[in-house]
Amino acid sequence: MILKGKIHKFGDDINTDDIIAAKYLVTTDAKELGSHCMENISPDFIKQVKPGDIIVAGKNFGCGSSREHAPLAFKGCGVSAVLAKSFAGIFFRNAINIGLPFLEIEEVSVFNSGDEVEIDLGLGLVKNITQGIEFKTQAFPEFLQQIVHEGGLINYVSRKKI
C-alpha cells in the first residue's frame, strides 16, 4: 500500500481535543468531524488540507481521551496517514478501528509542512520527495493494511469468513 501527499506538521503531545474539540462529539459523521479537524490549534488547517495529505508530529501523538472521533476527523478531511515519533496507545487502537494508517518514525524533525512524501506501508519506507531523503521504519503489518483497505475493523471483520 503506497500513500502520497503533502505534509502538515505538528509538535509533541497533540491531544484528542486538539484534533477535534469536545463540542463536536455529538456526531460520528466523518465529513462533519473533518470540517472541524485541528481548528483549535491550526484554524486554517481545514482550508489547507487536501485528500491524501499526511500528518507528521512529534511524540505522544493522540494523547487524551479515548475517542474514535480523533482519527475519524482525519479521515473525514482526507488525511491518508499519520507519521509521528510516538503515539498514545488509545490513538493507536482507535486509528486501527477506523482504518487510518500510521507509522512511528524517529526522524520527524527533518520534515517540513508542505513537503511531498511517499509512504510504502508494506516496506515501512518513508520518502521525503521534496528533500530527496528516505527513511526505513517498521512496516505496517499486512493484516493492518487489510483493515485499512476494508475501511476499518468492523468492515474487515464483517467481510472475513470465520
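These numbers come from the heavy atoms of this one structure, side chains and all, not from hydrogens, waters or symmetry mates.
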Got a donor-acceptor contact below 3.5 angstrom from the [X] side chain to the [Y] backbone?
{"X": "D120", "Y": "L125", "value": "no"}
{"X": "T130", "Y": "E116", "value": "yes"}
{"X": "D44", "Y": "K47", "value": "no"}
{"X": "K9", "Y": "F111", "value": "yes"}

Treating Ile, Leu, Val, Met, Phe, Trp and Tyr as nodes and any side-chain heavy-atom pair under 4.5 angstrom as an edge, say whether [X] and [Y] lie in one connected cluster.
{"X": "I2", "Y": "L103", "answer": "no"}
{"X": "I129", "Y": "F135", "answer": "no"}
{"X": "L3", "Y": "L123", "answer": "no"}
{"X": "I41", "Y": "V49", "answer": "yes"}
{"X": "I54", "Y": "V110", "answer": "yes"}

Exercise: identify the closest heavy-atom pair between [X] and [Y]:
{"X": "I98", "Y": "L72", "result": "CD1-N, 3.9 Å"}
{"X": "F74", "Y": "M38", "result": "CZ-SD, 3.9 Å"}
{"X": "A70", "Y": "T16", "result": "CB-CG2, 3.9 Å"}
{"X": "S80", "Y": "G52", "result": "OG-O, 2.8 Å"}
{"X": "A84", "Y": "F87", "result": "CB-CZ, 3.6 Å"}
{"X": "V117", "Y": "V126", "result": "CG1-CG1, 3.8 Å"}

Quick one, D12 with N60, criterion side-chain contact (heavy atoms from CB on, under 4.5 Å). Give me CA distance, side-chain angles, the key distance, then yes/no. CA-CA 6 Å; D12 294 337; N60 200 29; over 6 Å; no
Do the side-chain N and O atoms of [X] and [Y] include a donor-acceptor pair separated by under 3.5 angstrom?
{"X": "D18", "Y": "N40", "answer": "no"}
{"X": "E39", "Y": "H36", "answer": "yes"}
{"X": "Q131", "Y": "D115", "answer": "yes"}

[atom2] on [Y] to [atom1] on [X], rounded to 0.5 Å:
{"X": "S113", "Y": "K6", "atom1": "OG", "atom2": "NZ", "value": "11.5 Å"}
{"X": "E68", "Y": "L153", "atom1": "CD", "atom2": "CG", "value": "9.0 Å"}
{"X": "E142", "Y": "H149", "atom1": "CD", "atom2": "NE2", "value": "10.5 Å"}
{"X": "E107", "Y": "L83", "atom1": "CD", "atom2": "CG", "value": "10.5 Å"}
{"X": "I147", "Y": "I154", "atom1": "CD1", "atom2": "CD1", "value": "11.5 Å"}
{"X": "I19", "Y": "S42", "atom1": "CD1", "atom2": "OG", "value": "12.5 Å"}

Does a side-chain N-to-carboxylate-O contact under 4.0 Å join [X] and [Y]?
{"X": "R67", "Y": "D17", "result": "yes"}
{"X": "K85", "Y": "E104", "result": "no"}
{"X": "K50", "Y": "D53", "result": "no"}

Please report whether the ring centroid of F140 lies less than 6.0 Å from that of F102.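 So the answer is yes for these two rings.
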Can we call the ring centroids of H69 and Y24 under 6.0 Å apart?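 They do not qualify: ring centres at least 6.0 Å apart.
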Applying side-chain contact (heavy atoms from CB on, under 4.5 Å), run through L144 and I96 and close with a yes or a no. CA-CA 7 Å; L144 293 181; I96 292 168; 3.9 Å; yes
Could you please spell out the steps behind the side-chain contact (heavy atoms from CB on, under 4.5 Å) verdict for C63 and F91? CA-CA 7 Å; C63 58; F91 185 87; over 6 Å; no
When you compare the side chain of [Y] with that of [X], does any pair of heavy atoms fall below 4.5 Å?
{"X": "F10", "Y": "V56", "value": "no"}
{"X": "V148", "Y": "L100", "value": "no"}
{"X": "N155", "Y": "R159", "value": "yes"}

Other residues, nucleotides, ligands: >12 heavy atoms within 6.0 Å of K136 NZ: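 Yes.
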F61 and D13: CA distance, side-chain angles, deciding distance, side-chain contact (heavy atoms from CB on, under 4.5 Å) verdict: CA-CA 5 Å; F61 186 84; D13 303 311; over 6 Å; no
